[in-house]
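Quick caveat: nothing in here was measured; it's all calculated off a predicted structure. As the structure lists them, so they are numbered: ligands from 1, and atoms in each ligand from 1.
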Amino acid sequence: MGALLEVENLYFRYHDGTPALNGISLSINRGEKVAILGPNGAGKSTLLLHFNGVYLAQQGKVRVAGEEITRDNETRLRGKVGMVFQDPDDQVFSPTVWDDVAFGPLNQGLGRKEIEERVFQALQAVGMWDLRSRAPHHLSYGQKKRVAIAGVIAMNPEVIVLDEPTAFLDPAGQESLMEILAELHQRGKTIIVATHDVDMAAEWADKVIILKGGKILAQGDTMLLVQDTLVKEAALRFPVVSQVFQRIPSLLVRPLPRTVDEAANAIATLLKDREKKDKHHIVS
Ligand SMILES: Nc1ncnc2c1ncn2[C@@H]1O[C@H](COP(=O)(O)OP(=O)(O)OP(=O)(O)O)[C@@H](O)[C@H]1O
Ligand SMILES: [Mg+2]
């Protein structure tokens, strides 16, 4: 099985001459959960906007399911790759929330019943069904973000790309977003997220790609998030969970736990070992 999304030696420069991408190559497989991290201005959003043809490669190639994205097929390929923009004001524009989420499925030429079902499911998933008659431009930023996410879910794309999805969501909203992403992943979707949220990346990602200055600094699993020099160079920080284990030198758990589950398991093991030692001590 080939890669679902391939980027080959991609360069991109904005009209004013700013170089944003300087030779990016990467490959994402079907069903992967990918987190893209890196400092402000690293090129994350610019890269994401190439994944569904909002920007076309100026140099290099972007392929979806083996097919290069070009001016001729960008519209069709956009049905395969759904994109939630960093700023929901770039995305949410219809008179009502319902219309906004229906916009994509309507353009896909689906029947009325199917559209209604998709809009209902998508708005339920993001907790916005009750606000379906409201005007999107009168919603809060986090609510708009939820509507933008629903709009992409309703189109049922194979790949879902989200730029800073947790920004501006309240903690419960962030948690429910993680549940939505888990559910979409279970349904076989490939999910790519650009984020500054290292804790979320550590909990969630199979693959981590770290960008800086329009180049890939590193790509691999979440172990990258606890590599000291890399973390410093990419203006990141260790996941909170990892920081706790780092802070107490006697907790010599290696590799450093990165997720709450890993931390809980490590502590449970340490406690069990301690219990065994205490018993041994009492017996002898
Ligand atoms: N419309 C634009 N015109 C000119 N330069 C731009 C434009 N948008 C972005 N840039 C520049 O391109 C580079 C990459 O920006 P990009 O928005 O992709 O970064 P980012 O990694 O998404 O940053 P952030 O973490 O702040 O979202 C930066 O140097 C930025 O100033
Ligand atoms: Mg960005």
Side-chain angles (χ1 to χ4, degrees), residues 5-26 28 33-62 64 69 71 74 78 81-93 141-142 144-149 151-152 159-169 173-174 177 181 190-205 207-220 222 224-225 227 230-239:
L5 192 85
E6 285 167 291
V7 176
E8 206 181 287
N9 209 21
L10 178 65
Y11 284 79
F12 187 85
R13 187 183 282 273
Y14 281 99
H15 289 305
D16 66 357
T18 308
L21 301 177
N22 299 307
I24 301 263
S25 295
L26 57 88
I28 292 168
K33 292 183 284 186
V34 182
I36 301 181
L37 299 107
N40 293 130
K44 302 179 297 296
S45 296
T46 309
L47 176 62
L48 261 45
L49 290 165
H50 281 81
F51 290 167
N52 77 339
V54 174
Y55 293 152
L56 293 172
Q58 292 169 344
Q59 203 181 315
K61 288 188 172 73
V62 180
V64 177
I69 304 185
R71 181 77 58 218
E74 58 180 317
R78 218 168 271 178
V81 183
M83 170 97 195
V84 179
F85 293 120
Q86 181 161 351
D87 185 349
D89 286 326
D90 290 341
Q91 188 150 22
V92 172
F93 50 80
Y141 204 78
K144 282 188 234 179
K145 195 98 190 173
R146 289 171 189 237
V147 175
I149 293 168
V152 167
V159 184
I160 299 177
V161 181
L162 304 103
D163 200 348
E164 305 282 357
T166 52
F168 292 98
L169 294 187
Q174 290 182 10
L177 175 76
L181 295 188
T190 306
I191 306 176
I192 304 167
V193 162
T195 185
H196 292 295
D197 187 341
V198 281
D199 298 309
M200 180 250 180
E203 285 287 344
W204 174 81
K207 182 190 261 179
V208 172
I209 299 175
I210 299 180
L211 290 190
K212 187 177 178 181
K215 290 194 172 129
I216 294 184
L217 267 189
Q219 50 182 323
T222 58
L224 292 181
L225 299 173
Q227 283 190 11
L230 181 62
V231 163
K232 282 199 187 103
E233 199 181 344
L236 298 169
R237 62 155 172 78
F238 277 29

Which bit of [X] gets closer than 4.0 Å to ligand 1, counting heavy atoms only: side chain, backbone, both or neither?
| X | result |
| --- | --- |
| Gln86 | side chain |
| Asn40 | both |
| Pro39 | backbone |

So how far is it from Lys232 NZ to Phe238 CZ, rounded to the nearest 0.5 Å?
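CZ of Phe238 is found 7.5 Å from NZ of Lys232.
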Roughly how far apart are Lys33 NZ and Thr222 OG1, rounded to 0.5 Å?
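Interatomic distance, Lys33 NZ to Thr222 OG1, rounded to 0.5 Å: 10.5 Å.
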Strictly distance-based, threshold 3.5 Å: is any side-chain N or O of Gln91 a donor or acceptor partner for the main-chain N or O of Met83?
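Side chain of Gln91 to backbone of Met83: a pair is present.
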Lys44 (side chain) donor-acceptor with Ile210 (main chain) under 3.5 angstrom:
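Not at all, since once roles are kept as given, no pair shorter than 3.5 Å links the two residues.
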Pair Asp16, Thr18: side-chain N/O donor-acceptor within cut-off below 3.5 Å:
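Yes.
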Shortest protein contact, [atom] (heavy atom only):
| atom | answer |
| --- | --- |
| atom 16 (P) of ligand 1 | Thr46 OG1, 3.6 Å |
| atom 17 (O) of ligand 1 | Ser45 CB, 3.8 Å |
| atom 9 (C) of ligand 1 | Tyr14 CE1, 3.4 Å |
| atom 31 (O) of ligand 1 | Thr18 CG2, 4.5 Å |

Is any side-chain N of the basic residue among Arg237 and Asp199 closer than 4.0 Å to the acidic one's carboxylate O?
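Looking at Asp199 together with Arg237, the answer is yes, because their closest N to O distance falls below 4.0 Å.
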Out of Gly41, Ala235, Gly38, Gly213, whose heavy atom sits nearest atom 23 (O) of ligand 1?
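Selected option, by shortest heavy-atom distance: Gly41.
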Among His196, Lys44, Arg13, closest by any non-hydrogen atom to atom 20 (P) of ligand 1
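It is Lys44 whose heavy atom sits nearest to atom 20 (P) of ligand 1.
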Evaluate the side-chain proximity of [Y] to [X]: yes if any heavy-atom separation is below 4.5 Å, no if none is.
| X | Y | answer |
| --- | --- | --- |
| Leu162 | Val152 | no |
| Val64 | Phe51 | no |
| Lys145 | Leu177 | no |

Contact atoms of ligand 1, heavy-atom distance to Ala42 under 4.0 Å:
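By the 4.0 Å cutoff, the relevant atoms are 19 (O), 20 (P), 21 (O).
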Pro19 versus ligand 1: do any nitrogen or oxygen atoms come within less than 3.5 Å of each other?
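For ligand 1, there is no N or O atom that lies under 3.5 Å from one belonging to Pro19.
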Contact summary for Pro39 and Ala234, nearest pair of heavy atoms:
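Heavy-atom minimum between the residues: CD-O, 3.4 Å.
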Determine, counting only non-hydrogen atoms of the protein, whether one lies under 4.0 angstrom from atom 27 (O) of ligand 1.
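It does; a protein heavy atom is within 4.0 Å.
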Can a protein heavy atom be found under 4.0 Å away from atom 13 (C) of ligand 1?
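There is a protein heavy atom less than 4.0 Å from atom 13 (C) of ligand 1.
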Please determine which of Val81, Leu5, Asp163, Ile160 meets the side-chain contact (heavy atoms from CB on, under 4.5 Å) test together with Ile192.
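Considering Val81, Leu5, Asp163, Ile160, a side-chain contact (heavy atoms from CB on, under 4.5 Å) with Ile192 is found only for Leu5.
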Could you count the protein N, O or S atoms found under 2.8 Å away from the Mg ion (ligand 2)?
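Protein heteroatoms (N, O, S) closer than 2.8 Å to the Mg ion (ligand 2) number 2.
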Quick one: sort the Tyr55 and Tyr14 rings into parallel, tilted or perpendicular, breaks at 30° and 60°.
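Taking Tyr14 first and then Tyr55, their aromatic rings stand perpendicular (interplane angle over 60°).
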